[in-house]
Amino acid sequence: MTDTPVIGVLALQGDVREHLTALAVADALARPVRRPEELAEVDGLVIPGGESTTMSKLAVLFGMMEPLRERIASGMPVYGTCAGMILLADKILDPRSGQETAGGIDMIVRRNAFGRQNESFEAAVEMEEVPGGPVEGVFIRAPWVESVGARAEVLAVHGGHIVAVRQGNALATSFHPELTGDHRVHAVFTDMVRAVG
């Protein structure tokens, strides 16, 4: 792989454009991914925020769920924000009917844990592995992590709740750094993808 990794953004639903911009700023070649053949061509993948139940059902409908599980299990770097965090969880505490996850991080998440849409907020979050001080995070109907297994590393806590986790090549945040203009988390993820190359 060159110094410019190809990183996809799962483009079934959610804030795809903002992630494509953040990845480009982090010197990645960013492209939307909707089909299994597009997934096969990327070095890493971002799973954006959105509505986790809808995203899960669309992934199944588009034939993406199994290829996604296989790539994550084989070590492809993946970063999930908000709904993306839920898709990367091995277990959801309160799943909606028919909701599936791709898995990859040994954690249990609670959907919409920080409240409804009108309770959205911004907060400065101290995050391990991200240099230069706190990350500005946007929490929109955000999940939090109830618990992590032995293989998962907690990177950030806000209000007593786990909001950022890493396990091997899988990274997840409850919040949306892509909405703030602070692209350091995407730079860290791009470096994770380069390291696998």
Side-chain angles (χ1 to χ4, degrees), residues 1-50 55 59 64 67-89 102-105 107 124-139 142 145 151-156 163-197:
M1 185 197 317
T2 67
D3 274 351
T4 308
V6 178
I7 301 180
V9 178
L10 188 64
L12 300 178
Q13 194 246 353
D15 55 342
V16 174
R17 187 171 45 82
E18 293 85 352
H19 280 290
L20 292 171
T21 299
L23 289 165
V25 171
D27 292 327
L29 184 60
R31 58 174 62 153
V33 169
R34 291 182 186 88
R35 297 189 298 275
E37 55 269 29
E38 294 169 339
L39 179 63
E41 294 172 353
V42 299
D43 304 311
L45 183 73
V46 172
I47 304 176
M55 209 178 290
M64 287 291 290
L68 189 55
R69 286 180 179 136
E70 288 165 16
R71 288 288 316 266
I72 293 169
S74 68
M76 174 188 71
V78 62
Y79 170 37
T81 62
C82 197
M85 170 185 260
I86 295 169
L87 258 71
L88 290 177
I105 300 180
M107 62 181 174
V125 180
E126 288 283 355
M127 186 170 166
E128 299 277 331
E129 298 188 14
V130 178
V135 172
E136 196 63 30
V138 178
F139 292 77
V145 179
R151 295 171 297 144
E153 177 188 2
V154 174
L155 300 183
V163 296
V165 176
R166 179 174 178 181
Q167 182 174 315
N169 289 326
L171 175 68
T173 59
S174 296
F175 53 88
H176 297 262
E178 76 282 0
L179 298 178
T180 65
D182 181 347
H183 304 309
R184 287 175 294 154
V185 179
H186 290 78
V188 166
F189 178 63
T190 301
D191 286 342
M192 285 169 58
V193 179
R194 283 193 190 100
V196 171

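- Summarising the geometry of Leu45 relative to Ile7, their closest heavy-atom pair is N-CG2, 4.2 Å, with the distance given to 0.1 Å.
- At least one donor-acceptor pair under 3.5 Å links the side chain of Arg184 to the backbone N or O of Pro131.
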- Report the C-alpha separation of Val9 and Glu178 in whole Å, then their side-chain angles, then the decisive distance to 0.1 Å, and conclude whether the side chain to side chain contact (heavy atoms under 4.5 Å, CB included) test is met. CA-CA 12 Å; Val9 178; Glu178 76 282 0; over 6 Å; no
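- For the salt bridge (charged side-chain N to carboxylate O under 4.0 Å, His left out) with Arg166, the qualifying choice from Glu129, Glu128, Glu153 is Glu129, the only one to do so.
- Contact record, Pro134 with Ala124: CB-CB, 3.8 Å, taken as the closest heavy-atom pair.
- Panel note: side chain Asp182, backbone Val135; no donor-acceptor pair is recorded below 3.5 Å.
- Of the possible donor and acceptor atoms, none in the side chain of Thr180 sits under 3.5 Å from a partner among the backbone N and O of His176.
- Considering every non-hydrogen atom in both Val196 and Pro77, the closest pair reads CG2-CG, 3.6 Å.
- Taking the six-membered ring for Trp and thresholds of 30 and 60 degrees, His186 and Tyr79 have ring planes more than 60 degrees apart, a perpendicular arrangement.
- Checked by atom type and distance alone, the side chain of Thr81 pairs as donor or acceptor with a backbone atom of Gly49 at under 3.5 Å.
- Only one option out of Leu171, Ile72, Leu87, Val165 pairs with Ile105 in a side chain to side chain contact (heavy atoms under 4.5 Å, CB included); it is Val165.
- Across all their heavy atoms, Arg35 and Met64 have their closest contact at C-SD, 3.2 Å.
- Nearest approach of Ala11 to Pro32, heavy atoms of both residues: CB-CB, 3.8 Å.
- Taking every heavy atom of both residues into account, Ala83 and Met55 meet most closely at CB-CE, 4.0 Å.
- Ring planes of Phe175 and Phe139: tilted class, angle from 30 to 60°.
- Judged by distance alone, with hydrogens and angles left aside, the side-chain atoms of Arg71 form no donor-acceptor pair with the main-chain N or O of Val78 at under 3.5 Å.
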